[in-house]
J.: 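My structure is below; once you've seen it, I'll send some questions.
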2 protein chains.
Amino acid sequence: MESRPDFSYVAKLMGDSSRAAMLEALLGLDGLPTNELARKANVSLQTASGHLAKLVEGNLIRVEKHGRHRYFRLASPDVAHAIETLTVIAPAPNIKSLKNFSRAEKVRIARTCYDHLAGKLGVSLTEAFIQKGYLAEGENDFLVTDKGEKFFSDFDINLDVLRNQRRYFARKCLDWSERRYHLAGALGNAVLLRLLDLHWIEKLPDRAVKVTRTGRVGLYESLGITDCKV
Amino acid sequence: MESRPDFSYVAKLMGDSSRAAMLEALLGLDGLPTNELARKANVSLQTASGHLAKLVEGNLIRVEKHGRHRYFRLASPDVAHAIETLTVIAPAPNIKSLKNFSRAEKVRIARTCYDHLAGKLGVSLTEAFIQKGYLAEGENDFLVTDKGEKFFSDFDINLDVLRNQRRYFARKCLDWSERRYHLAGALGNAVLLRLLDLHWIEKLPDRAVKVTRTGRVGLYESLGITDCKV
DNA sequence: TGGATAATTCGGTTATAATCGAAGTATGGA
DNA sequence: TCCATACTTCGATTATAACCGAATTATCCA
């Protein structure tokens, strides 16, 4: 047949719900041990162990041994990107209960997407940067303006360091919940870390993110963002 | 659980080898009938019919009825993009026979990727555009220079029309065989169509593309491309 | 060293879904 | 109208792989 990498092999790996749940969990966290991933996927430890071995074999995740503990993380940003791309073409979920609805809302509003901010907050933030003239919108990435160079420098984000990283600098990432773009790449990650550092946001379980009181004030004063409900 | 579109659902759809073969076939052609897709996937007509129904149900493909014939095509460029993204993270194929090797080589050198040129030719062409100063490289897309505006206009490609299309204009697409970028998006498609129109290239079976004699001369004279073996 | 904890491996069970022959439905054309 | 062609649906078969209890291995710590 066609001698090309077999995408169905990795698709099949991702197509199992337990494995998908584990990949999902790893999207928002920088490493998890086997028993935690088993819990996240709601399967037994032995089942999780088998699945993780397959994901490692398929080069979707990597394992690091720390004594008796084995920590797994995604193998590369390309894997995260593939998951997001699949999420864009996946059917929208069916909200079945109020508990699920409120959790869905929380995740929709603000969450981490791999290593940057997503959801309504991620999109609001990104659009505020654009509106303030710090970012300009390219076709698939954002460009930092001169004004933005100064803003991010004052915000304690060193753009030169970010540009030297071996990854995308300021990438547009289509947000599945807002269907607009949020800022990804090295700059997106730096913004996330900075906001955490300032305690303007804090992480909730399952990748949800909450804006703090301090954060509401900070976001309003620095960027004019007012819709920080959560 | 997590209330987010379920990427494992579409991954599972793509994870079946018969369905993957059909999606693959649709990457390079603008619509195929049921019996042709059954042949491509090497399954019976009834099996293909069942699979195609699932792909339609999952919104990965669309069907158009033409009397007794039903033509299927990919539902959107996003689906093609997802397939390419998965291909990037998929394991490299194992070349097993000489027949497979020569076919793999042919596909590696030049092929259509959705609706634009890929492989060595696609990459060479793209890099020639850059070297000649017609395209500038952005982070995730290409920018057409002033010099390029004139070149493409002289080459009978109307950039303004392309820019008004509701799709990416000039996108970087990571080539799985070359591990460098080729030109995708509306401009990538326009280039493919123009080269076909000029009879500089012609399509071979299974998405392979061959450079003609005329094409070798044309590509050399207009862009200095010399490695047009095939 | 022995017990506790983390994880892997083994093997049997069971659910899932791809597969195709047969039959049925839909469309085109003489 | 009848026959040919394209395609869908039905139902039985069979292959695949997820699952977990039990057993085993690996590591840590008192």
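Remember, predicted model here, so these are calculated numbers, not experimental data. Sequence lines set the chain letters: A, B, ... in the order given, protein chains first and strands last, and positions in each chain run from 1.
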J.: For a quick check of understanding: with a heavy-atom distance under 4.0 Å over all strands, which category does A/Thr47 fall into, base, sugar-phosphate or nothing?
T.: base
J.: Between A/Ser49 and A/Leu45, is there a donor-acceptor pair closer than 3.5 Å when you use the side chain of the first and the backbone of the second?
T.: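 Judged by distance alone, no pair lies under 3.5 Å.
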J.: Of A/His69 and B/Thr34, whose nearest nucleotide on DNA chain D comes first from the 5' end?
T.: B/Thr34
J.: For DNA chain C, which nucleotides open and close the run of contacts to chain B, 5' to 3', at under 4.0 angstrom from a non-hydrogen atom?
T.: C/dA17 to C/dG28
J.: What orientation do A/His81 and B/His81 show, parallel under 30°, tilted 30 to 60°, or perpendicular over 60°?
T.: perpendicular
J.: Looking at every heavy atom in both A/His182 and A/Phe142, which two are closest together, and how far apart are they?
T.: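 Closest approach of A/His182 to A/Phe142: O-CE1, 3.9 Å.
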J.: What is the distance, to the nearest angstrom, from the CG atom on B/Asn35 to the P atom on D/dA4?
T.: 18 Å
J.: Does A/Leu27 reach the side chain of A/Leu23, with side-chain heavy atoms less than 4.5 Å apart?
T.: no
J.: Got a sec? Which of residues 49-63 of chain A come in under 4.0 Å of DNA chain C, heavy atoms?
T.: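 Nucleic-acid contacts, sorted: A/Ser49.
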J.: Atom CD of B/Gln46 to atom C1' of D/dT8: distance rounded to whole Å?
T.: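 So the CD-C1' distance, B/Gln46 to D/dT8, works out to 9 Å.
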J.: Taking CZ from B/Arg39 and P from D/dA6, how many angstroms apart are they, rounded to a whole number?
T.: 13 Å
J.: Does some side-chain heavy atom of B/Arg70 sit less than 4.5 Å from a side-chain heavy atom of B/Leu52?
T.: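 When only atoms from C-beta onward are counted, B/Arg70 and B/Leu52 do not touch, as no gap falls below 4.5 Å.
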J.: Mind running a 4.0 Å heavy-atom check of residues 10-20 of chain B against DNA chain C and sending the residues that fall below it, in number order?
T.: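 B/Lys12, B/Asp16, B/Ser18, B/Arg19 - these, ordered by number, are the residues of the stretch whose heavy atoms sit under 4.0 Å from the strand.
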J.: Expressed as a whole number of angstroms, how long is the span from B/Glu36:CD to D/dT5:P?
T.: 17 Å
J.: Are A/Val209 and A/Leu117 packed together at the side-chain level, in the sense that at least one heavy-atom pair is separated by less than 4.5 angstrom?
T.: yes
J.: I'd like to know if A/Arg68 reaches the base of D/dC28 with its side chain, counting only an N/O donor and acceptor under 3.5 Å.
T.: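 For A/Arg68, whose side chain was compared with the base of D/dC28, there is a donor-acceptor pair (under 3.5 Å).
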J.: Applying side-chain contact (heavy atoms from CB on, under 4.5 Å) between A/Ile61 and each of A/Leu37, A/Leu32, A/Leu55, report the one that passes.
T.: A/Leu55
J.: Is there a side-chain contact between A/Leu183 and A/Leu125, using heavy atoms and a 4.5 Å cut-off?
T.: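 No. Closest side-chain heavy atoms not under 4.5 Å.
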